[in-house]
Amino acid sequence: MNADNTSTVRPERTERLKGRVALILGAGTSAPGISIGKASSIAMACAGASVAALDFNVDTAQDVTQEILAFGGQAIAYQADVADIVAMQAAIERVMQDFGRIDILQINAGIGRVGGPAETSLEDWDRIQKVNVESILIAAKLVAPVMVKQGSGSIIGVSSVAGMRYLGYPHLAYSVTKAAVIHFIKMLAQQYAGDGIRANTIVPGLIDTPRIQKNVAKVFDANADMDKTRRARDQQVPMGRMGTPWEIASVATFLASDDASYITGTEIVVDGGLTGKFV
Ligand SMILES: NC(=O)c1ccc[n+]([C@@H]2O[C@H](COP(=O)([O-])OP(=O)(O)OC[C@H]3O[C@@H](n4cnc5c(N)ncnc54)[C@H](O)[C@@H]3O)[C@@H](O)[C@H]2O)c1
């Protein structure tokens with residue numbers, strides 16, 4: 001895996017996840033480009049997994065499945081809001097009809113709104129909580145029993161360094177929910193360790209994905225100038241650059257694989273050194 005986030009760069013093909021089915025929630029993108037869910041879907045397909053790519057915005061999930069099918073992988077797109085248990089139940093039933101099992105569950109959809117308590121409406125707080133945290137309850141409620149029956153599974157939560165540290169600007173609802181992701185996944189890991197299910201969280205640092213255009217660009221430049229935003233984010237990181245979605249996808253693929261067979265109930269911070277620095 002590398003530091004290039006262009007769509008022409010792909011992970012090498014392996015058989016690390018051969019025969020496994022990966023359900024990726026939030027597999028699409030919120031704007032053109034490569035998101036963490038898209039990169040994870042493609043990376044797992046490159047490792048031999050069949051991918052169930054689920055997104056609220058199904059067109060973007062279909063872009064992902066088309067890319068996977070184009071290189072000879074297996075993938076189907078599904079539409080659902082991760083915070084809607086009825087829609088999720090229907091989608092997961094279809095995944096089971098199509099693939100017959102779920103070995104990997106990556107709970108990746110996430111939203112936020114910049115602001116502190118004064119700027120955060122109760123409606124926003126509620127929606128962010130639902131999409132970022134209640135979605136884990138819903139997904140685990142529906143998928144853990146499938147994995148228990150199989151006797152194996154890997155659940156991957158996607159938090160953020162915002163769930164561990166103050167980022168330098170208020171992003172309250174997002175940060176609180178991202179802290180909850182870490183603890184929720186730890187609780188799942190403990191409960192299901194004896195069932196052959198591992199559960200871990202990836203904690204990405206500042207990653208160069210389409211989301212930053214929509215969400216955080218205005219924090220760095222009043223006109224949301226993306227070049228200025230990218231430079232400002234690059235400079236915050238000890239390694240001197242944001243991470244790429246591929247650098248998160250490679251960790252997701254590792255956690256999904258047998259290479260991580262003794263890893264459960266923990267989090268892996270992937271941040272170029274960001275959380276280790278004082279100023
Ligand atoms: N980009 C970063 O710097 C960064 C850093 C840390 C953590 N993260 C986390 O990584 C995850 C992916 O982020 P990204 O930057 O790739 O973002 P993104 O916005 O490009 O991708 C998120 C995807 O989730 C989908 N989604 C959103 N709400 C949904 C819902 N209710 N139901 C179904 N799908 C829904 C969106 O349509 C989109 O395709 C998020 O959880 C985010 O919080 C991102």
Side-chain angles (χ1 to χ4, degrees), residues 5 23-43 52-65 77-85 87-88 91-92 106-114 126-136 138-139 156-165 167 171 173-182 184-185 201-217 219-220 229-230 232-234 236-237 241-249 251-252 267-272 274-275:
N5 76 345
L23 170 58
I24 314 288
L25 308 184
T29 54
S30 56
I34 302 200
S35 64
I36 291 171
K38 180 171 183 174
S40 300
S41 302
I42 292 170
L54 183 146
D55 206 283
F56 190 63
N57 181 349
V58 75
D59 291 348
T60 63
Q62 272 160 356
D63 290 344
V64 174
T65 56
Y78 302 85
Q79 201 270 333
D81 176 346
V82 292
D84 177 344
I85 190 162
M88 283 298 289
I92 287 167
Q106 183 169 332
I107 305 166
N108 171 83
I111 57 169
R113 177 159 291 210
V114 172
D126 198 39
R127 179 66 186 158
I128 292 166
Q129 188 282 129
K130 277 189 154 43
V131 174
N132 294 3
V133 185
E134 205 168 300
S135 63
I136 309 178
I138 291 171
I156 302 164
V158 180
S159 175
S160 163
V161 288
M164 303 175 100
R165 299 280 191 280
L167 290 184
H171 208 178
Y174 181 76
S175 302
V176 170
T177 57
K178 289 299 181 179
V181 170
I182 296 171
F184 198 130
I185 297 289
T201 300
I202 301 174
V203 184
L206 305 180
I207 310 301
D208 192 358
T209 70
R211 178 173 189 279
I212 63 172
Q213 299 164 30
K214 283 187 73 177
N215 258 288
V216 295
V219 172
F220 294 94
T229 298
R230 283 211 171 84
R233 275 168 66 98
D234 285 346
Q236 286 183 292
V237 184
R241 63 171 178 85
M242 288 186 277
T244 73
W246 301 110
E247 290 172 316
I248 305 301
V251 179
E267 57 275 357
I268 299 184
V269 179
V270 188
D271 72 348
L274 187 65
T275 50

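What you see is a predicted model; the values in this text were computed from it and never measured. We count ligands from 1, going down the list as the structure has it; atoms in each ligand are counted the same way. Only heavy atoms go into these numbers, but all of them, side chains included; no hydrogens, no water, no symmetry mates.
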(message) For ligand 1 and Tyr174, I'd like to know whether there is a polar contact (N/O to N/O, distance under 3.5 Å).
(response) yes
(request) Indicate yes or no: does an N/O atom of Phe56 lie under 3.5 Å from an N/O atom of ligand 1? (result) yes
(request) State if Ala162 counts as touching ligand 1 under the rule of any non-hydrogen atom under 4.0 Å. (result) no
(message) Under 4.0 Å from a heavy atom of Ala109: which atoms of ligand 1 are those, numbered in the order shown and with their elements?
(response) 24 (O), 26 (N), 29 (C), 34 (N), 35 (C), 41 (O)
(request) Please identify which atoms of ligand 1 are closer than 4.0 Å to at least one heavy atom of Gly28. (result) 39 (O)
(message) Only heavy atoms of Ser160, strictly under 4.0 Å: list the atoms of ligand 1 that pass.
(response) 6 (C), 7 (C)
(request) Apply side chain to side chain contact (heavy atoms under 4.5 Å, CB included) to Val251 and list each qualifying residue two or more places apart in sequence or on a separate chain. (result) Ile202, Leu255, Ile268, Val270
(request) Check Pro204 against Val158 and note the closest heavy-atom contact, atom names and distance. (result) CG-CG1, 4.0 Å
(message) Please report whether ligand 1 has a polar contact with Pro204, defined as an N or O pair separated by less than 3.5 Å (distance criterion only).
(response) no
(request) State whether the side chain of Thr209 and the backbone N or O of Ser35 hold a donor-acceptor pair below 3.5 Å, judged by distance alone. (result) no
(message) For Glu134, state whether at least one heavy atom is located under 4.0 Å from any atom of ligand 1.
(response) no
(request) Heavy-atom distances under 4.0 Å are what count here, so tell me which part of Val82 touches ligand 1: side chain, backbone, both or neither. (result) both
(request) Using a strict 4.0 Å cut-off to heavy atoms of Asp81, name the atoms of ligand 1 that fall inside it. (result) 30 (C), 31 (N), 32 (N)
(request) Evaluate whether atom CZ of Phe184 has more than 12 neighbouring non-hydrogen atoms of other residues, nucleotides or ligands under 6.0 angstrom away. (result) yes
(message) Can a donor-acceptor pair be found, under 3.5 Å and without considering hydrogens, that links the side chain of Asp208 to the backbone of Gly243?
(response) no
(request) Under the side-chain hydrogen bond (donor to acceptor under 3.5 Å, both in side chains) rule, collect the residues that match up with Thr177, sequence neighbours excluded. (result) Asn132
(request) Indicate yes or no for a side-chain donor-acceptor contact from Thr244 to the backbone of Glu247 under 3.5 Å, with no hydrogens or angles considered. (result) yes
(message) Under a 4.0 angstrom heavy-atom cut-off, which atoms of ligand 1 come close to Arg233?
(response) 3 (O)
(request) Measure Ala27 to ligand 1 on non-hydrogen atoms and call it side chain, backbone, both or neither using the 4.0 Å cut-off. (result) neither
(message) So, taking the atom named CD1 in Ile36 and the one named OG in Ser41, what distance separates them when rounded to the nearest 0.5 Å?
(response) 11.5 Å
(message) I want to know if ligand 1 touches Lys178 in the polar sense, i.e. an N/O pair below 3.5 angstrom.
(response) yes
(request) With heavy atoms under 4.0 Å as the rule, classify the contact between Gln79 and ligand 1 as side chain, backbone, both or neither. (result) neither
(request) Using a 4.0 Å heavy-atom threshold (strictly under), name the region of Lys130 that reaches ligand 1: side chain, backbone, both or neither. (result) neither
(message) With heavy-atom distances below 4.0 Å as the criterion, list the atoms of ligand 1 near Ile207.
(response) 1 (N), 2 (C), 3 (O)
(message) Between Arg127 and Asp81, does any side-chain N to carboxylate O distance fall below 4.0 Å?
(response) yes
(request) Would you mind telling me if ligand 1 is within reach of the side chain of Ser159, the backbone, both or neither, using heavy atoms under 4.0 Å? (result) backbone
(request) Calculate, to the nearest 0.5 Å, the distance between atoms CG and CD1 belonging to Leu54 and Ile107 respectively. (result) 11.5 Å
(request) Below 4.0 angstrom from a heavy atom of Gly205, which ligand 1 atoms are there? Numbered from 1 as shown, please. (result) 3 (O), 5 (C), 6 (C)
(request) State the atoms of ligand 1, each with its element, that fall below the 4.0 Å cut-off from a heavy-atom position in Ser35. (result) 16 (O), 20 (O), 21 (O)
(message) Distance check, rounded to the nearest 0.5 Å: Asp84 atom CG versus Ser135 atom OG?
(response) 12.0 Å
(message) Distance check, rounded to the nearest 0.5 Å: Thr201 atom OG1 versus Lys178 atom NZ?
(response) 9.5 Å
(request) To the nearest 0.5 Å, tell me how far Ile207 CD1 sits from Ile248 CD1. (result) 3.5 Å
(request) Please work out whether any backbone atom (N, CA, C, O) or any side-chain heavy atom from C-beta onward of Lys38 is under 4.0 Å from ligand 1, and answer side chain, backbone, both or neither. (result) neither
(request) Would you indicate which of Ile36, Asn108, Thr209 comes nearest to atom 11 (C) of ligand 1 when only heavy atoms are counted? (result) Asn108
